[in-house]
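Notes to accompany the following structure.
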Amino acid sequence: MAATVPAAENDFFKSKVLGHPAGLFVLFFTEMWERFSFYGMRVLLINFLTMAVIGVDNPGWGWSAENAGALFGTYAGLLYLTPIAGGIIADKITGYRWAVVIGAAIMTLGHASMALETEFSLYFGLALLVIGTGFFKPNITSIISEMYDGKPDKKDGAYTIFYMGVNAGAFFGMMLCGYLAERVGWSWGFGLAGIFMLLGTLQFWLAKPLFGNIGGVPDRAKLAEEKAKEEATGVKDHSHNPFTLFDKILVVATSVIGLLYLINDPVSRIANLNLLPAVMPFDFQGEPFSGPLALALIGLVLFLVLVISRISRYTKIVRDRLIAVIIFAFFTVFFWMSFEQGATSLIIFARDSVDRVLVGTGATVFNVFNTLLTVVPLMIITWVLYLLWKQTYKRVLGSNIVLVVCFGIIWAIVIWMLVREFQGDATEITVSWFSILNSFFIIVFASFFSKWWESKYNPSAAWKYSFGLILLGIGFGLLAFGSSGIAEGAKVSMVWLILAYLFHTLGELCLSPLGLSYVSKLVPARMIAFMFGMWYLAIAIGNKLAGSFGGMIDEITEQYSLSTFFLIFTLIPVGAGILVALLNPLLKKLMHGVK
């Protein structure tokens, strides 16, 4: 008797929107509201922490850029580490759907905590966001992977649609949360992020009849049966390389040192509480050596020993490919260290050093452009909601009603914002508005890069990395040029910041989508979790360095100049881009035909 497809799963693939299962668009909107909340809060944090306590209409906490950068860097770094644990928990215990719900609920509480604007609620809220992201981030994409199992021809299109949800959420989150925070009050911005996190969670939970068994709790009996079958047939991955006791000790040691360093950095600066020794009991060229830095270097050495120890136990081809991944991860650190200035130093630069006031014709032109920039994509996404409603309202009415409420709130805020700006004699562009340019440019140029990579002119991985790093450096070079020679207290034209975001985004499109793709192509199946973890570690280090270096904007500007600060982020990525291009022949050899 032929096997039958479960009814729920069969219905799942019959209910289609734009050629894909309706459930994909539930995930699209779930991710959209999560990214709305994440980026809406993210674009506010540095601005809120460093805004003056007195002398401004919307006072903040008056922190130094250094302290704010230290806190943000640790927060951003941890966001890329907790998903490693969250993915393991979902695989073994909760399943993907429950993990998404748990993560979203925890993040909702985190946003609510931050809206209270007390020091404890800020730290507690950030901690909840880190934990919640660990559950949410890896598992919503895992649902898509399971959904399209056996349908590889549809998977690329599905991830493209999903990626549009990511950018749509980031776009509207930064625009609307930023606008409310800067025009009305910080709590309104933080609160709006929390509201949409809650509504996004609710619509996902109410849509579960669409998913059948997809993303459900793991069937332990089935997993045990598959494992026993593998052992009985003797079919094993050619690269089987179990962790030794020495490996496990190094994993624990480097994890503990890394977490202590990440947490100690902001705690020692803000609360003057050292979790690590302030100085080491030896001098370096007559100067006391930093305890946290020394321990971080020790942790790095131990991690390198761990990686080298594991890689050395593989066959030559596998070993070479893993070395290629490590080289790419190394350059990834430099990219994110510079790119993530968009969440730290560029926020402070846009607020304090960019001429954001427009009057007369300039104000009218901007308001018309901003209206089109906001309304057109919102109309397109509302149309997608309409298509989803037609397909699914009978089965998941509650989920659709929640989405309609979400869009009703968005439209109301957008109309209020646009009318308010048109009524004014002058327009002061919000600090957060510039951050939406990244999402806008991604939507505009993503298809061009996708076609380029599919053409006969598709460059090698090393050249893509080189282009990404050099384009990123050019963006900072434009800022360095635009801010050179200006008098103290003078403002820079916003054109330079807009151009910088354009080049940063072009660099991101060259480099960012490649990372996980090359890890999956180059790494043997049994080591993929470890190498994904290492890749996220590289991004985490880049984010932490971004916060630390971004926090130095005031210090470097005061001692040298604003142009000098941006010149640092010009030279580092461009130098790294040239170096990775020179390594192209070596990397091709190490990759052994993988493209």
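What's counted below: heavy atoms across the whole structure, side chains too, no hydrogens, waters or symmetry copies. Residue numbers start at 1 and run along the sequence shown.
Using a 4.5 Å cut-off on side-chain heavy atoms (C-beta onward), Thr344 and Phe549 make no contact. Between Leu322 and Val307, the closest side-chain pair of non-hydrogen atoms is not below 4.5 Å. At least one side-chain heavy atom of Leu262 sits under 4.5 Å from a side-chain heavy atom of Leu81. Side-chain contact between Leu49 and Leu122 is present, with heavy atoms from C-beta onward closer than 4.5 Å. Two residues are said to be in side-chain contact when any heavy atoms from C-beta on lie closer than 4.5 Å; Ile381 and Phe28 meet this criterion. Looking at Glu66 and Arg269, their side chains come closer than 4.5 Å, going by heavy atoms from C-beta outward. Using a 4.5 Å heavy-atom threshold, the side chains of Leu126 and Leu71 count as touching. Looking at Val354 and Lys491, their side chains never come closer than 4.5 Å, going by heavy atoms from C-beta outward.
Side-chain polar atoms of Thr50 and Arg351 form a donor-acceptor pair below 3.5 angstrom. Glu421 and Tyr179 form a side-chain donor-acceptor contact under 3.5 Å, judged by distance and modelled atom types alone. A donor atom on one side chain and an acceptor atom on the other are found under 3.5 Å apart for Asn438 and Thr505. Side-chain polar atoms of Ser435 and Tyr39 form no donor-acceptor pair below 3.5 angstrom. There is no side-chain donor-acceptor pair under 3.5 Å between Asn47 and Trp186. Under 3.5 Å, the side chains of Thr427 and Asn367 contain a donor-acceptor pair of N or O atoms.
Heavy-atom minimum distance, Val53 versus Pro59: O-CB, 3.0 Å. Residues Phe569 and Met337 share a closest heavy-atom pair of CE2-O, 4.1 Å. Minimum interatomic distance between Ser561 and Thr564 (heavy atoms only, all atoms of both residues): OG-OG1, 2.8 Å. Listed here is the closest heavy atom pair of Val375 and Leu418: CG2-CD1, 3.8 Å. Between Gly178 and Leu44, the shortest heavy-atom distance links the atoms CA-CD2, 3.6 Å. A pairwise comparison of heavy atoms in Trp336 and Ser512 identifies CZ2-OG, 3.6 Å as the closest pair.
Between Phe434 and Tyr501, the distance separating the two ring centers is not shorter than 6.0 angstrom. Between Phe196 and Phe36, the ring centre distance stays below 6.0 Å. In this structure, His504 has its ring center no closer than 6.0 Å to that of Phe441.
When atom types are taken as modelled, the side chain of Ser450 and the backbone of Ala446 share no donor-acceptor pair closer than 3.5 angstrom. Listed for the Glu508 side chain is no donor-acceptor partner under 3.5 Å among the backbone atoms of Gly468. Within the 3.5 Å criterion, the main-chain N or O of Ala350 finds a donor-acceptor partner in the side chain of Arg356. Using a distance-only test at 3.5 Å, with no hydrogens or angles considered, no donor-acceptor pair links the side chain of Arg321 to the main chain of Leu522. Judged by distance alone, the side chain of Ser345 and the main-chain N or O of Gly550 form no donor-acceptor pair under 3.5 Å.
The aromatic rings of Phe330 and Phe334 stand perpendicular to each other, their planes meeting at an angle above 60°, with 30° marking the opposite boundary. Relative ring orientation between Phe407 and Phe29 is described as perpendicular, the plane-to-plane angle rising above 60° on a 0-90° scale split at 30° and 60°. Phe566 and Phe349 have perpendicular rings, their planes meeting at more than 60° on a 0 to 90° scale where under 30° would count as parallel. Between Phe366 and Trp433, the ring planes are perpendicular. Angles over 60° get that label, and only those under 30° would be called parallel. A tilted orientation is assigned to the rings of Phe448 and Trp452, their planes being inclined by 30° to 60°.
Partners of Leu571 according to the side-chain contact (heavy atoms from CB on, under 4.5 Å) rule, which considers only residues two or more places apart in sequence or in another chain, are Leu567.
Distance check: Phe38 CZ to Leu79 CG gives 5.0 Å after rounding to the nearest 0.5 Å. Here Glu428 contributes atom CD and Thr430 contributes atom OG1; the two are 9.0 Å apart, rounded to the nearest 0.5 Å. Atom CG in Leu499 sits 11.5 Å away from atom CD1 in Ile474 (nearest 0.5 Å). Interatomic distance, Ser466 OG to Leu511 CG, rounded to the nearest 0.5 Å: 10.0 Å. One finds the OG1 atom of Thr374 at 12.5 Å from the CD1 atom of Ile413 (value rounded to the nearest 0.5 Å). In this structure, CZ in Phe335 is found 5.0 Å from CG in Leu472, a value given to the nearest 0.5 Å.
In Lys451, the NZ atom is not crowded: 12 or fewer heavy atoms of neighbouring residues, nucleotides or ligands sit closer than 6.0 Å. Other residues, nucleotides and ligands place no more than 12 heavy atoms under 6.0 Å from the OH atom of Tyr560. By the 6.0 Å contact criterion, CH2 on Trp496 is enclosed, its count of non-hydrogen atoms from other residues, nucleotides or ligands being greater than 12. Residue Trp61 qualifies as enclosed at atom CH2: its count of foreign heavy atoms under 6.0 Å is above 12.
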Are Asn584 and Ser460 close enough, and set up right, to give a side-chain hydrogen bond (donor to acceptor under 3.5 Å, both in side chains), and what steps lead you there?
CA-CA 8 Å; Asn584 182 45; Ser460 66; 2.9 Å; yes

Mind running side chain to side chain contact (heavy atoms under 4.5 Å, CB included) on Val580 and Leu587 for me, showing each step along the way?
CA-CA 9 Å; Val580 75; Leu587 286 165; 4.2 Å; yes

Checking Tyr80 against Trp535 for the side chain to side chain contact (heavy atoms under 4.5 Å, CB included) test, could you report, in this order, the C-alpha distance in whole Å, the side-chain angles of both residues, the deciding distance, and whether it holds?
CA-CA 9 Å; Tyr80 285 94; Trp535 193 266; over 6 Å; no

Given Phe136 and Thr30, is the side chain to side chain contact (heavy atoms under 4.5 Å, CB included) satisfied, shown in steps?
CA-CA 10 Å; Phe136 188 98; Thr30 304; 4.0 Å; yes

Passes side chain to side chain contact (heavy atoms under 4.5 Å, CB included), Asn543 versus Tyr75? Steps please.
CA-CA 9 Å; Asn543 275 266; Tyr75 162 68; over 6 Å; no

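Between Lys544 and Glu340, none of the side-chain N atoms (NZ, or NE/NH1/NH2) sits under 4.0 Å from a carboxylate O, so this pair counts as no salt bridge.
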